[in-house]
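Here is the structure we will look at, set down as structure tokens.
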Amino acid sequence: MKQFWKSMLRSPSGVIGLIILVLAISIAVFGPMLFPNSPWRMVQRPFLPPFTLSTVPLGTDALGRDVFAGMIFGARVSLLVGLVSTLVALVVGVPIGAMAGYFGGKTDDALMRFTEFFQTIPSFALAIVLVAILQPSIYSIVASIAVVSWPPVARLVRGEVLSLRTREYVQAAIVTGQSNTWIILREILPNALSPVIVLASLMVATAILLESSLAFLGLGDPNLISWGYMVGAGRTVIRQAWWITVFPGVAILISVLGLNLIGEGLNDALNPRLSREGR
Amino acid sequence: MMTAPPAVSIKNLRIALPKGAERPFAVDGVSLDLRPGKIVCVVGESGSGKSMCAHALMGLLPDTVSVTSGEIQFEGRDLLKLDDDGWRDLRGRRLAMIFQEPMTALNPLMRIGDQMAEMFEAHGLLTPKERRAKALSLAREVGLPDPERIVRAYPHQLSGGQRQRAMIAMALALEPAVLVADEPTTALDVTTQAQILKLIRNLQRNRNMAVMFITHDFGVVADIADQVVVLRHGKVVEEGPAATVFNEPQHDYTKALLAAVPSMDPPARAPLDDQARAVEVIGLDKTYVTSGGWFREDRRVDAARAVNFNILKGETLGLVGESGSGKSSVARLVMRLIEADRGTVRIGETDLTSLSGKALRTERHRIQMIFQDPFASLNPRRKIGHIIADGPIAAGTDPKVAFDRARDLLKLVGLDTGALERYPHEFSGGQRQRIGIARALALEPEIIVADEAVSALDVSVQAQVLRLLEDLKARLGLSMLFITHDLRVAAQICDRIAVMQRGAIVELKPTAQLFAAPEHAYTRELLAAVPGRKERAPAA
Amino acid sequence: MLSFVAQRVLKGVIVLLAIVVLNFFLIRLAPGDPAVVMAGEAGASDPVFVKQLREKFGLDKPLPEQLLIYVKGVASFDLGFSFRQQAPVAKLIGERLPATLLLTLTAFAISLMLGILFGTFAARFAGTFLDTAITIFALIFYAMPIFWVALMGILLFSVTMDWLPSFGYETVGANLTGLAHAVDVAKHLIMPAMTLGLFFMATYTRMTRASMLEVKRLDFVKTARAKGLSDAVIQRRHVLRNALLPVVTLAGVHSGTLIGGAVITETVFAWPGIGRLMYDALLQRDYNLLLGVFVICSAMVLIFNLITDLVYRLVDPRIEFAS
Amino acid sequence: QEPKTGGVINAVIQPEPPGLMLAMIQNGPTQMVSGNIFEGLLRYSPKLEPLPELAESWTVSEDAKTYTFKLRKGVTWHDGKPFTAADVLFSMEMLKQTHARARTNLAQVDKVEAPDDTTVVFTLKQPFGPFLGIFEVGSMPIVPKHLYEGTDWKTNPYNNAPVGTGPFMFKEWQKGSFIRLVKNPNYYEKGKPYIDEIYWQIIPDAAARSVAYETGKVDVLPGGSVENFDVPRLSKLKDTCVTGAGWEFFSPLSWLWLNNRQGPLADKRVRQAVMYAIDRDFAKDVIWNGLGKVATGPSASTIKYYTDDVKKYPYDPAKAKALLKEAGYKGEKIRLLPLAYGETWQRWGEAVKQNLQDVGMNIETIATDVAGGNQKIGDWDYDIAFTYLYQYGDPALGVGRNYISSNIAKGQVFNNVEGYSNPEIDKLFADGAVATPDSKRKEIYEKAQKILVEDVPVAWMLELQFPTITRCKVKNLITTGIGVNDGFKDAWLDK
Ligand SMILES: Nc1ncnc2c1ncn2[C@@H]1O[C@H](COP(=O)(O)OP(=O)(O)OP(=O)(O)O)[C@@H](O)[C@H]1O
Ligand SMILES: Nc1ncnc2c1ncn2[C@@H]1O[C@H](COP(=O)(O)OP(=O)(O)OP(=O)(O)O)[C@@H](O)[C@H]1O
Ligand SMILES: [Mg+2]
Ligand SMILES: [Mg+2]
Ligand code: NI
């Protein structure tokens, strides 16, 4: 673990990414406490440009709502959607991939057909249908995003497990009579983790974007404000009021960038070939 | 002859490693000369800096390391001052290299012939047609069978020995003045190794090349070296003509290395005939089928064909044979890591092949395995204590008892108990293999299967581990199935030896008898191929 | 090889069947009744009328029976009848499919080409400023919602510069033929394909970069250098070719995402493809049409996968056609 | 100014119509395109007076039960076959099965006869005040008997290439791209139409539609095709004319369904509080760009017998709060269903939610698409839901249906889904439909309006006006009360 942080902190992209993520998360967590104004409240005249009034520093939107408040509250939803749906995707994808890879044969075939089923339906289309069926809400959105994002996880984990399964230490565990569950959990998964973590960092970004695309099609949670919602809602008035889309857009950009940088850093830190170069 | 001017002269070479490496310099103050028509063997334990020297000579050092001082004189120039273009011009044409791993050293997507032809292309020589013709004749020259077909084949369609031959053909294409061979035979089995060594020797003589030959195998050195350079921790500790180094080693380290080379003379052993059978293997068959496709037929490999043997209590049965002969497959069949097509494995009175699931799991503790690669067989993310205690805990032992026992076991294999809390990467290779042994012992098995348990180790460490095994076996009354491709090792440790060829046991005899009077042609071939047979390690 | 393709096709058919059956029920889980939607549009609702509609389209039958009828139809290449558009589903999809294929294939090509190009550069100059610049450039397109990038493109290239048309597939009413028509379509295609392609470009850039760096470390590259080959040849012949294999496989696996991403691109650029058709079908609860689009899209993805697999296998001699 | 002949018009159509067979599909875009291909017996002026179309003239009997239409002579279908009274009779039969609203309207008719080729006689079961108001092309399109009789209407090939009598003929439809109509050279009104071709461009994204207009690719943006927020900017472009006219016949009126059956909204005071709590002027000015009118009650001001002499509900949060308190509202959760018709409606939903929250109501927005929303409303599974409905000129056609108790039927939308039941209102609307003369009807409907506004069965919001944006060179596009739907008949291009 120490080794991990060390190599993580050695890669500049990892450090920048971490800083961005920590910043974004603290805004999401603490922002609404410091800034308790509801982002839905119409506080000023519509289309107030940014930097004109100190009370609404980033201006107002088409209904006169505070863009700044939206940014702060939006961070919460966007990051939550990103993180939670990734987590769910991992919770689904990792066991399926692990079982397929470990048991092989018919189990593998069945599980992979199942995975393929989700993979061949164009993912965004499936997400749309699912959200529509479940009715848009933060839960259904997270669930749908998770449903379309787990197959790559499963495939990746399966591949890793497939190769790890033949490692000698796994065989050693088998011959010492340990149970399959134990072997998967203790011997295999911890060693399959690094590529999964890297993939997950990218998935968070994809999930944030997916949420924004859903919001764009009017399938966002109507009770919660998100950056994606703001970009979508401000898009049509971009000619009169650039600030409504640009600020949340930049926020998405920076967050996704940050997550990608973390992914990059993780990649470097967790890739033994890179981090152990010279040992 | 010794007076011929050196083709290459390395002077005081010092190569710095990046920060955080295990030592500041990979190579520190190494000087050596390569002379035309001579083979200089560079020997030394793993990590001693052999490859670094070779790569420096080819200008192929990784970006992270750098030469801090010294010079490499070649044809009147200092190679270290060469620019990229200069290097490109020399490489291949004047300096050539053969790499250790024949599989990965060839581009998997290019045909062998094309890769050979590239040699000429790189230096703008010949027309494409001529290049192809040349590739063909080269293939013939290095003795590749059916050269017309082979130049059109892809690397994966060749055997290891064939690949290595292709590499050699490439290296020789432009008749370089200097050939650098970095462990070119380590990945090959003994018989193939012997062929390749002969080939290199012949070609080198015919073309009067200067050769730098890197190896860790003293047998190989004994076979081909004119000159020997012993490296340790990046420094030359001894250097001289082969005969001198072998017969009158000066440095302690050289002496230790030589002493550790196992002898081909089996020691005398007490007969075990009155012991009960610990393992009985009856008629094991195993065939791997890989579907072919692409208009090719399925590939079927008979890895075990009617394999029969038994091991008595307290006995070590050796299983030898060249690579791919099916040794590991038999081990895995005995361990029930794979399923046999036919046959029975009995441990004591229990028929292991008829068990499955939980019943199998509870019987597993009776037969344990020591794996080949000490690093690969330890989960890098688990502490040693867990690695050893996991098995007993899974079998229902109270964790505290299991850990206590792990501590005792570590002591038994000669490690201090602090090791319990450390991770595998914090140990040396020999120590890791001891951990592997401790793990196998933790379940108090009756039988131990050791599949190439010492092949990955340096000779000196190998000797230690072998001693330990012998000792433990005697103390605990274990039986052992000892798998190796190294006949020297087998000679030292086995009571009886079974020789495998293409999945079948062709000869099974008490060790001394086998070495003294091999019956089967294959056994004889195998024995003949053991490198360094002529020379005797003096300490043996 | 033939048996390999046959096996893959068979497996594909199984997956498709699963898609049909599962989606059949899934889609019907969505609240909303197509008959009510249709009656509603007439600005009135009348129970008798709604019942008539249901009967007319067989929506009154029990679900298993409806499924059976549907599956039978699909088996004989009949995707059913769209209640809403009152036309055979196959015809509706057939009208739209070429546009989607054109868009996605172009975007696919763009993303792969640019991705590989930039990835190669980034790997070549790994660790330098150029590498960082390329990474950030690629990430910008990756991190921006497609619908936003699309609008920006329209504002810049259509409104401000007036270089490219902002919507549609061709200039309506121009009645161009031959080359002029092709040029016209190409002009319409540039922006949507770019928007869609640039998003995926980022992935391939990063993938190519990582893969190149990985391959660069392999022994045979050292062999190539030891031969005295020039850097350019080593990069192209030895590094790139090997590095591309995983990128191509990934691209095949990605095709589902690509086609999904087309929904938004098609919406913003009024591109007459099936992405939009699907979305409308969903809103109208046009079950047969929606299912049809799903089946076709999945079939496309399967074919894409098969093709990339075949290409992979052709390029990489190591792979045997094991199933 | 003398109309000029010739020219091509590019108009936007949004969303893409599912089909163009007006007798079978009646959604907005279909009406807008097909209104130029098909014709009804009558059309209506902005004041909603009937004007001749396929019917040249008409007479009403003394007892107001027999309506006799004289059809225009020499009219042919686009395929050259003559149009006759038989087509009208056939259409009435077909529409009963394919057109929900026509079916309801025709329920008043006892029989239809054609004494000769150019005469059609409708006999009603009882007098029906608004009868002359049901013959507009969208409500009662006349279809060609010779192409539909005896066929399976569902799969008739002419559904995809409709044949009508109108000024424009269907030419081509590239799905997802455009629909192309061309001039009917044999149109019975000599010299008309003036325009050669109409391209209806299909552009699904609102912002892209604005750009298409801005870059000169389209000339006509019919109502609702761009976001309201964009209207002020577009209207400032040069050569651009904007009008809110053309919606008189439909008189779209928006309101919030309030579920009268259950929860807090079962209490009249809570419903009134909703009326007071919502800032409808804000909605009009900010969300609808000042277009439209704040509604005063169940009738739009363009509808017959409208009166504004009813209880007024100005924006008054304090009063709303007081009413809520009086009703004993304790913060029970109230579900709000916005209308999934795009940005404007989404924003409006948000604004209303905020208004209601400001007076202390606990609102949760439930998002659905149109189909899901309809189902929820039809199943009475909502508390507050947005809607807007056309009123078709007469309270008997478009108003009463939402308030009379006989229209409470689960599973259906657009009837009395709020569950308001008041025998007095039932009686007033029953009488109003058949009463004569006009002054009598007026009295009845004014009374009904007063009662309804007091009871607030639903919360009326705005009379909507969807601005039609055109290049000023497009002349005479909107001349009737049904606007663009049949507007191209008279339109011409000032080149
Ligand atoms: N790319 C590298 N970066 C940093 N250090 C390296 C690198 N390659 C090797 N080393 C270190 O340099 C030292 C010498 O390595 P070298 O490869 O020359 O050993 P060797 O004698 O060839 O060993 P072996 O027999 O295992 O091949 C070792 O300590 C090794 O860890
Ligand atoms: N899982 C497998 N599937 C297919 N073929 C296999 C498999 N494992 C081994 N083989 C083949 O079976 C044969 C015997 O392999 P095995 O590993 O038992 O040889 P070995 O004697 O242990 O060789 P080595 O000395 O190289 O370890 C080889 O030809 C090998 O290629
Ligand atoms: Mg080495
Ligand atoms: Mg083996
Ligand atoms: Ni060896």
Side-chain angles (χ1 to χ4, degrees), chain B residues 54-55 58-63 84-111 114-124 153-157 167 170-171 173-174 176 180 182 289-296 298-299, chain C residues 1-8 123-128 131 211-249 306 309-323:
Chain B
H55 285 133
M58 290 297 293
L60 292 175
L61 284 174
D63 295 339
D84 277 358
D85 281 337
W87 269 121
R88 255 202 299 280
D89 197 45
L90 282 187
R91 282 185 205 138
R93 196 204 283 265
R94 306 294 302 148
L95 304 169
M97 184 155 178
I98 309 172
F99 293 90
Q100 169 170 3
E101 255 298 336
M103 182 69 223
T104 54
L106 291 170
N107 186 341
L109 304 189
M110 267 175 98
R111 293 176 198 276
D114 293 343
Q115 299 197 43
M116 290 186 184
E118 248 190 348
M119 214 64 199
F120 303 102
E121 190 199 333
H123 298 280
Y154 288 98
H156 75 281
Q157 296 166 325
M167 280 293 298
M170 251 176 252
L174 299 176
V180 179
D182 188 357
V289 182
T290 325
S291 57
W294 255 157
F295 315 113
R296 252 185 279 140
D298 287 0
R299 195 177 80 108
Chain C
M1 147 89 168
L2 274 178
S3 78
F4 167 78
V5 174
Q7 253 188 28
R8 284 289 299 262
R124 184 91 190 259
F125 301 97
T128 65
D131 179 24
S211 183
M212 294 268 294
L213 288 179
E214 190 105 19
V215 172
K216 244 185 184 168
R217 265 183 211 99
L218 295 182
D219 289 350
F220 64 79
V221 178
K222 224 179 231 172
T223 310
R225 287 178 66 197
K227 286 177 183 172
L229 283 170
S230 73
D231 239 31
V233 174
I234 295 178
Q235 290 288 341
R236 183 160 38 80
R237 195 181 294 163
H238 292 275
V239 181
L240 187 59
R241 266 184 67 187
N242 279 281
L244 282 189
L245 291 176
V247 179
V248 170
T249 335
L306 182 61
D309 255 30
L310 281 177
V311 168
Y312 194 123
R313 275 148 206 268
L314 281 174
V315 175
D316 188 345
R318 284 166 300 186
I319 299 187
E320 313 200 327
F321 278 79
S323 38

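Proximity to chain C (any heavy atom under 4.5 Å) is shown, for Ala96(B), by neither the backbone nor the side chain. Residue contact with chain C, scored on non-hydrogen atoms closer than 4.5 Å, is absent for Leu90(B). Using a 4.5 Å cut-off between heavy atoms, Leu60(B) contacts chain C through both its backbone and its side chain.
With values rounded to the nearest 0.5 angstrom, Met170(B) atom CE is found 4.5 Å from Lys227(C) atom NZ.
Of the listed residues Met58(B), Met119(B), Met97(B), the one with more heavy-atom pairs under 4.5 angstrom with chain C than any other is Met119(B). Interface remark: of the candidates Pro155(B), Ala173(B), Ala122(B), Ala122(B) forms the most heavy-atom pairs closer than 4.5 Å to chain C.
Each side-chain hydrogen bond (donor to acceptor under 3.5 Å, both in side chains) pair with one or both residues in residues 229-245 of chain C, not counting sequence neighbours, appears once here: Asn107(B)-His238(C), Asn107(B)-Asn242(C), Glu118(B)-Arg237(C), Glu118(B)-His238(C), Glu121(B)-Arg237(C).
Distance alone, capped at 3.5 Å, is enough to place a donor-acceptor pair between the Thr223(C) side chain and the Ala105(B) backbone.
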